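These notes concern the structure reproduced below.
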There are 2 protein chains.
Amino acid sequence: MSKPSQTESQATPANGAAGTVKRKRTFAIGELAEMFEVTPRTIRFYEQEGLLSPERQGQRRIYHDKDRVRLKLTLRGKRLGFTLAEIREVVELYDAMPGGNTRQLHRMLEILAEKRADMEQRLEDIRLMQHELDDVETRCRAVLERLEP
Amino acid sequence: MSKPSQTESQATPANGAAGTVKRKRTFAIGELAEMFEVTPRTIRFYEQEGLLSPERQGQRRIYHDKDRVRLKLTLRGKRLGFTLAEIREVVELYDAMPGGNTRQLHRMLEILAEKRADMEQRLEDIRLMQHELDDVETRCRAVLERLEP
DNA sequence: GTTATGCTTGACGTTAACGTAAAGGGAATA
DNA sequence: TATTCCCTTTACGTTAACGTCAAGCATAAC
């Protein structure tokens, strides 16, 4: 595939040594980028699209663990073929949840149902694809068997 | 989603009535397009990209059942997030299979293994996503419970 | 001090996968 | 015969999701 279908490659934790107070770990954009094997540009782009809103210290962006999690979810959504707009829609509603009005909550349930149906369709597609892979491989090996003793 | 995640909506079989010889059914581009809920443009584009090679009668494209199947597989591949280039790579090798040399066959097995790994990653992503959906829905309903008696 | 590293904000470029409009052919139907 | 469909090719337009400079700031290392 063209997409980096990895999960998250833990970078070396620069702070938070054993025996120390579990200080809130933060990340620079480059660290986060390396973690997930994306470019800083990608992360800035996601921010511009309303998917992330990191803290600032002066100019610099400071990412907390919640940002890291959100990035992870975003990338997972991408691997599943969701557009950034779709992901943002969920994210925004999710942020508005505590204290969200009833209408928003119901809208959220609607979206959840849609996504769920989507996942089911994807599962079915994957199952079918796997069967085809099995099929092709079987035939492939059969031909090879006749060519190589 | 933006994508038409449907399977195939059987169009009315214009020929092949009961009791008739199972005449090879063919399709015009418009019929095929309607079947899969895509535009003719999309189908022509796939041909241009080497994914389809329909028969011609004069100018007109005539699609046989094998073309229909190939289109179906292509669209499934798309729903799974494969690029047209990736799909074509498999399709081309698949066409070259009977009579294909050993090297090609082994290359095919390689690709199959890759795709298989990809499917596994996708399954994992879907499982994780489903859990998150469950999670969010639970919390969503909890909040609603406190708002609506 | 200066060199290097890593960050910042523009801003224009690129690719995939089509969309859309123009101009025309041919057969069937009114 | 004229109109209506459905098809054809050509060609330029569009959108999403970044890539790729360029120019500049700040801090850490030498």
Side-chain angles (χ1 to χ4, degrees), chain A residues 1-6 11-12 14-15 26-64 67 70-71 73-91, chain B residues 1-5 11-12 14-15 26-64 67 70-71 73-89 91:
Chain A
M1 283 281 295
S2 40
K3 307 158 189 178
S5 73
Q6 95 305 337
T12 52
N15 59 18
T26 64
F27 315 91
I29 196 170
E31 294 176 295
L32 214 56
E34 196 180 357
M35 267 186 185
F36 291 98
E37 298 181 46
V38 298
T39 68
R41 169 68 173 125
T42 297
I43 297 180
R44 286 192 207 101
F45 182 72
Y46 290 172
E47 176 177 350
Q48 177 184 322
E49 294 298 300
L51 289 164
L52 297 172
S53 37
E55 187 196 329
R56 295 281 182 139
Q57 279 184 15
Q59 286 259 85
R60 265 72 189 295
R61 294 171 173 84
I62 306 291
Y63 297 89
H64 294 257
D67 299 310
R70 177 161 295 185
L71 177 56
L73 297 182
T74 298
L75 293 174
R76 182 177 299 153
K78 282 229 62 196
R79 286 199 301 273
L80 290 172
F82 292 109
T83 67
L84 295 183
E86 291 172 321
I87 297 171
R88 182 184 47 213
E89 189 181 14
V90 174
V91 160
Chain B
M1 283 281 293
S2 39
K3 308 158 190 178
S5 76
T12 52
N15 58 18
T26 65
F27 315 91
I29 195 171
E31 295 176 293
L32 213 56
E34 196 180 357
M35 268 186 184
F36 291 99
E37 299 182 44
V38 298
T39 67
R41 168 67 173 126
T42 297
I43 298 179
R44 286 192 207 101
F45 182 72
Y46 289 173
E47 176 177 350
Q48 178 184 322
E49 294 297 300
L51 289 164
L52 298 171
S53 37
E55 187 194 331
R56 294 281 183 140
Q57 279 183 16
Q59 286 259 86
R60 264 74 190 293
R61 294 170 173 84
I62 305 294
Y63 297 89
H64 293 258
D67 299 310
R70 177 162 293 187
L71 176 56
L73 297 183
T74 297
L75 293 173
R76 182 177 300 154
K78 281 230 63 193
R79 286 200 301 272
L80 290 171
F82 292 109
T83 67
L84 295 184
E86 291 171 323
I87 297 171
R88 183 185 45 213
E89 190 182 13
V91 161

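Keep in mind it's a predicted model, so treat the numbers as computed, not measured. Lettering follows sequence order; numbering is per chain, from 1.
Between B/K78 and C/dA16 there is no side-chain polar atom (N or O) within less than 4.0 angstrom of OP1 or OP2. For D/dC18, the OP1/OP2 oxygens have a side-chain nitrogen or oxygen of A/Y46 closer than 4.0 Å. Regarding contacts with the backbone of C/dC18, every side-chain N or O of B/T39 stays at 4.0 angstrom or more from both OP1 and OP2.
Over its length, the helix from C/dG1-D/dC30 to C/dA30-D/dT1 turns its helix axis by 10°, as judged from the five terminal pairs at each end, rounded to 10°.
Projected onto DNA chain D by closest heavy-atom contact, A/A85 and B/R60 fall at different nucleotides, the more 5' of which corresponds to B/R60. Nearer to the 5' terminus of DNA chain D, by closest-nucleotide assignment, is the contact made by B/G30 (compared with the other of A/R41 and B/G30).
The side chain of A/R56 lies closest to C/dT8 when the candidates are D/dC18, C/dT8, C/dA17. Looking at the side chain of A/R44, the nearest of the listed nucleotides C/dA17, C/dC18, C/dT8 is C/dT8. The B/A28 side chain lies nearest to D/dC7 when the options are D/dC18, C/dT9, D/dC7.
Rounded to an integer number of Å, the gap from B/L32 CG to D/dT8 C1' is 17 Å. Going from atom CG of B/L84 over to atom P of C/dA17 covers 4 Å, rounded to whole Å.
Ion pairing of A/E49 with A/K78 is absent here, as no side-chain N (NZ or NE/NH1/NH2) approaches a carboxylate O to less than 4.0 Å.
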